[in-house]
Amino acid sequence: MTALNSKIPPGPLEKKWENFKKTAPLISPTNKRKFNIVVIGSGLAGASAAATLAQEGYQVDCFSFHDSPRRAHSIAAQGGINAAKNYQNDGDSVWRLFYDTLKGGDFRSREANVYRLAEVSLHIIDQCVAQGVPFAREYGGQLANRSFGGAQVSRTFYARGQTGQQLLLGAYGSLSHQIGAGRLRMHTHSEMLDLVVINGHAKGVIIRHLLTGAILRYAADAVVLATGGYSNVYYLSTNARGSNATAIWRSYKRGALFANPCYTQIHPTCIPVAGDYQSKLTLMSESLRNDGRIWVPKKKGDQRLPHQIPQQERDYYLERKYPAYGNLAPRDIASRSAKEVCDQGRGVGPSGLGVYLDFEDSITRLGKKVIEERYGNLFEMYENITGENAYEHPMRIFPALHYTMGGLWVDYHLMSNLPGLYVLGEANFSDHGANRLGASALMQGLADGYFILPYTLGSYLCTQFETKPSIDLPEFEQAQEAVLATTSRLLEVRGSLSAHYFHRELGKILWEHCGMTRSEKSLQEALSEIPKLRERFWKEINVPGSNDSFNKSLEYAGRVADFLELGELLARDALHRRESCGGHFRTEYQRPDGEALRNDELFSCVQAWQYQGEASEPTLLQEPLCYEFVQPGMRNYK
Amino acid sequence: MKQFFHSSIGRKFIVAITGLFLLLFVTIHLLGNLSIFLGPVVMNAYAARLHQLGALLWIARLGLIALVGLHLFFTLTLWKENRAASPRAYARDQILERTLYARSMRLSGLVILGFLLFHLAQFTWKWTNPEYQQWQDSLGQHNVYRMVTTAFHNPWVSGFYLLSVGLLAMHLAHGIESLFQTLGLTNQKFRYYFQCFGRFAACFFFLGYASIPVAVFLKMIPSS
Amino acid sequence: MKSSLNSSSLGQTRAERKLLSFTLRIWRQENSHSPGFFEQLDAKDIPAEASFLEMLDIINDRLIEEKKIPIAFDSDCREGICGTCSMVINGIPQGPGRGAACQVYMRSFSPGSTITIEPYRVKAFPILKDLVVDRSAYDRLIQAGGFISEHTGGAADAATILISKKTADAAMDAAACIGCGACAAACPNSSAMLFVGAKVTHLSLLPQGQPERSERVFSMVHAMDGEGFGNCSNYYACEAICPANISASVIATLNREFIKASITL
């Protein structure tokens with residue numbers, strides 16, 4: 001059994017990162033030129049890492065399956081980015097952001113990682129402002145902030161409802177600068193289909209060029225994965241259609257550990273599902289909860305229109321249950337409460353799966369103009385999709401899968417157990433524990449890419465002067481052939497069902513049995529159904545077209561094949577974690593008031609899974625989580 | 001600077017600036033023409049004064065030829081590029097926002113050019129009617145007044161004239177609005193005002209120029 | 001607003017599944033070298049609440065089940081922000097109404113009608129397959145200078161730069177561009193001025209963008225001309241269809257910046 005060494009530097013919490021930076025080995029500018037770095041993904045984490053490394057002088061190749069690096073799904077983040085700047089003088093500090101994040105994650109993340117994230121958050125805002133990100137401003141010209149779920153201070157920086165877009169375009173600008181200057185090679189329409197491991201080290205990737213179908217080998221001194229999360233394993237999620245787990249999953253199958261796959265986040269404010277043709281769920285920024293009040297009728301099956309229901313017959317359940325945080329309770333709590341009231345038959349809308357998010361009070365208090373200024377684009381989006389005007393009627397919202405805290409296991413350096421393989425952003429498991437706070441994903445992506453990887457990469461590279469991988473090595477040959485075999489296998493089935501069908505079925509199984517609440521029974525069910533579905537997939541799928549051309553069906557089928565395996569690991573991990581924490585809620589483990597019941601004695605650890613081949617079950621490795629500086633408490637948002 | 005004149009924006013700048021000067025010419029010419037309403041004496045004196053300018057007149061004429069030439073040349077090169085840039089029309093073409101004025105710029109421009117040549121041939125070079133050359137008023141000045149009123153008695157001449165100034169007005173409606181945009185003098189709010197101004201000015205030019213043949217035709221001004 | 005608001009389900013107890021049928025006239029093209037053609041396809045029994053792209057998903061699933069080749073089209077986020085979609089619906093790039101193609105809903109088409117779907121027709125955006133075009137030209141425009149050359153780690157504290165709310169809002173208006181290419185596709189001249197203008201406006205408004213202001217506009221316009229886009233004739237079709245509501249006043253700003261830079265250089 002490999003020992004999981006998280007490589008956390010010694011010293012007091014506030015000094016760890018500083019100490020690390022003081023002693024981390026440096027690579028001289030002349031030597032940086034000799035190292036080839038492959039970055040997979042061009043979202044916030046990937047673009048910021050690729051741009052920074054290229055600027056420092058490394059030879060960087062960046063790959064994206066999109067037609068342009070600017071399409072990455074980071075672009076869709078609406079609400080904002082956290083930073084402990086304390087510009088509002090409301091008592092914020094690095095410590096408080098650290099503590100809020102750790103607590104929000106239900107004490108299932110590493111202290112040192114989270115503290116570093118909070119520290120680095122300060123530089124991110126400086127960096128982004130310098131890049132020309134048009135953050136919202138006060139009349140006096142200062143940066144504006146708003147509050148977000150899980151925090152009692154206003155530390156969220158935002159650019160209308162398009163913060164992710166603006167941050168990504170900032171990083172894309174830096175990336176473009178490096179590409180234009182010839183210091184970085186950008187490969188679009190290029191999907192990573194395998195990791196090449198040589199003597200236990202990640203030394204290259206196999207790429208399928210999506211326009212020509214060519215399967216290509218790229219050697220590298222280090223491989224950086226920044227490929228996002230795997231929410232789409234649930235089929236319906238707020239992720240983009242193309243978002244997939246293929247890069248991390250195939251790396252897992254090459255030996256990288258997959259940590260905490262069961263930590264998935266359900267976002268409380270999405271537009272409810274309308275029908276089974278639906279291709280995705282649309283998120284309404286959580287910032288809406290700042291000014292909207294969430295309620296359902298007190299009476300079951302109340303069919304009246306919302307404005308016909310008098311105040312005393314409405315249940316503002318979040319305000320009632322969590323007076324201190326009210327409508328700003330953390331995401332997992334808000335989501336579960338919504339499910340709870342809908343399970344009681346008090347849900348609203350055609351499907352009964354929805355709750356009201358009401359702006360009437362805010363409009364009365366602040367005026368329609370202010371609300372329009374704050375959320376205009378969201379209201380417009382809502383009206384466009386549902387055909388309802390939210391200035392007049394309350395919105396209907398329901399939770400949807402949104403983010404995955406789990407991902408490939410990494411140490412403090414963001415390096416996986418495979419030396420040379422770095423994993424950034426949502427693709428790794430590192431900073432959010434069992435639940436992520438709003439406006440923290442953008443923070444983590446940029447922290448990893450701009451400020452952490454560039455410092456930690458040297459520690460590995462300084463040991464790699466002698467090993468220059470060549471694409472002629474048998475490992476490359478073998479990986480390339482494996483990729484070809486998988487794609488041919490998909491094309492050869494020639495069944496009658498589309499990949500869509502299997503993806504949708506998988507999503508149903510997972511949402512039903514491994515969604516907002518999980519139980520031993522439901523998880524067993526999932527574990528027996530998923531392999532059956534996978535078997536059918538390989539017998540009944542029809543992938544039209546050929547391997548050597550632009551074939552979107554083939555790309556998609558490959559991703560679904562990976563989801564069908566990942567879904568099983570997710571359920572397995574959830575089954576194994578016999579406690580409730582954050583986004584992982586086991587019905588067997590709850591407090592009398594229905595809150596999550598953690599079991600710190602047995603499960604204050606990272607569950608990391610190791611692939612053991614198709615025929616055998618993966619093995620479980622545990623990394624204990626040690627809390628030296630804070631005492632894990634029961635989360636209490638009342 | 002060489003780069004400027006090779007760039008799309010630089011060439012559009014030239015089109016705009018030459019357009020601006022041509023607009024100035026069109027304005028002065030109109031004011032001159034309107035002197036017809038003040039009677040033959042004033043108009044002929046104005047014409048005679050213009051001819052007395054001598055070298056200056058020739059400089060102005062050469063300048064105008066250059067302006068028209070540049071305006072035309074750069075418009076055509078830009079147009080050629082535009083055609084190359086959009087290889088194929090949509091099967092179901094939708095006219096998105098484009099005004100009739102904007103879409104007919106090339107047509108109106110070319111008709112105006114044709115009219116200009118005819119207009120010069122008729123009144124300046126007097127090729128169409130060589131007898132105009134001999135007409136003099138009582139003061140011994142060239143009788144421009146008689147020439148104009150006579151010419152406009154011909155319904156074909158008046159008709160072509162009216163059509164051309166109509167197209168000129170359309171050309172100016174889009175041209176004036178575009179001028180401000182191309183020179184970078186607008187913003188979101190002002191673009192609307194400039195659009196209104198362009199259309200208003202176009203109406204003004206149309207009414208101004210059209211008033212002459214109409215007045216002649218309706219015998220509102222005596223034909224010398 | 002993309003849609004009429006007549007299909008509100010507020011207060012409805014049970015979703016009534018209304019099914020609609022259409023005829024699609026859709027552009028099929030094997031690859032960039034082959035000639036394309038319009039194919040007629042039936043789109044029967046489409047849920048009225050489905051989005052336009054969901055309708056295409058349904059058609060594609062049916063094609064796969066019939067062992068035919070599905071229609072290739074680009075889409076990703078499906079919430080109107082990534083700019084991946086690129087089709088022209090009934091002659092309108094990104095479809096009728098404001099917003100990207102993914103924000104078009106079937107309820108806005110009259111049942112039984114024929115819907116024509118084609119790719120962008122822009123020389124600088126070659127067709128790759130069916131409805132998919134290559135928009136890398138836009139990436140190259142940004143690479144030419146559409147950024148602020150900020151080196152990671154060297155930034156001063158963000159609070160040291162004050163920017164008035166008005167300026168920040170105006171910069172944000174321009175920065176909202178999603179890079180979908182609809183502006184060039186709608187332009188009869190296939191001009192990229194709205195795209196370039198949006199970036200130049202965004203960065204020239206901000207104090208951080210001043211040092212490279214002249215060079216930026218020069219190199220971006222130079223790159224734009226080199227990519228084979230047409231020239232602006234001030235038609236404003238771009239503004240009329242821009243899914244991100246970019247105003248054509250950014251084109252005036254681009255002209256102004258370019259002329260100013262030429263004079264002062």
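Of all the listed residues (A/A499, A/G495, A/S174, A/G164), the one sharing the greatest number of non-hydrogen pairs under 4.5 Å with chain C is A/G495. The candidate from A/Q127, A/Q78, A/K552 with the greatest count of non-hydrogen atom pairs under 4.5 Å with chain C is A/Q127.
A salt bridge does not link C/D169 to A/R137: none of the charged side-chain nitrogens sits closer than 4.0 Å to a carboxylate oxygen. C/K166 has no carboxylate O lying under 4.0 Å from a charged side-chain N of A/E138, or vice versa, which leaves the two without a salt bridge. Between C/D139 and A/R70 there is no salt bridge, since no side-chain N of the basic residue sits under 4.0 Å from a carboxylate O of the acidic one. For A/K280 and C/E79, the salt-bridge test passes: some basic side-chain N is under 4.0 Å from an acidic carboxylate O.
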Evaluate the criterion side-chain hydrogen bond (donor to acceptor under 3.5 Å, both in side chains) for residue pair A/Y87 and C/D157; output intermediate values, then yes/no. CA-CA 11 Å; A/Y87 287 157; C/D157 191 283; 2.5 Å; yes
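Proximity to chain C is limited to the backbone of A/T238, based on heavy atoms less than 4.5 angstrom apart. Residue contact with chain C, scored on non-hydrogen atoms closer than 4.5 Å, involves the backbone and the side chain of A/H177 alike. Heavy atoms closer than 4.5 Å to chain C are found nowhere in A/E540, neither backbone nor side chain. Neither the backbone nor the side chain of C/N31 comes within less than 4.5 Å of any heavy atom of chain A. Residue C/D130: no heavy atom, backbone or side chain, is found under 4.5 Å from chain A. In this structure, the portion of C/I58 lying under 4.5 Å from any heavy atom of chain A is its side chain and not its backbone.
Under 3.5 Å, the side chains of A/Y277 and C/D61 contain no donor-acceptor pair of N or O atoms. Side-chain atoms of A/R241 and C/S75 include no donor-acceptor pair closer than 3.5 Å. Looking only at atom types and distance, the side chain of A/S279 has a donor-acceptor partner in the side chain of C/E54 under 3.5 Å away. For the residue pair A/H66 / C/D76, a side-chain donor-acceptor distance below 3.5 Å is found, with atom types taken as modelled.
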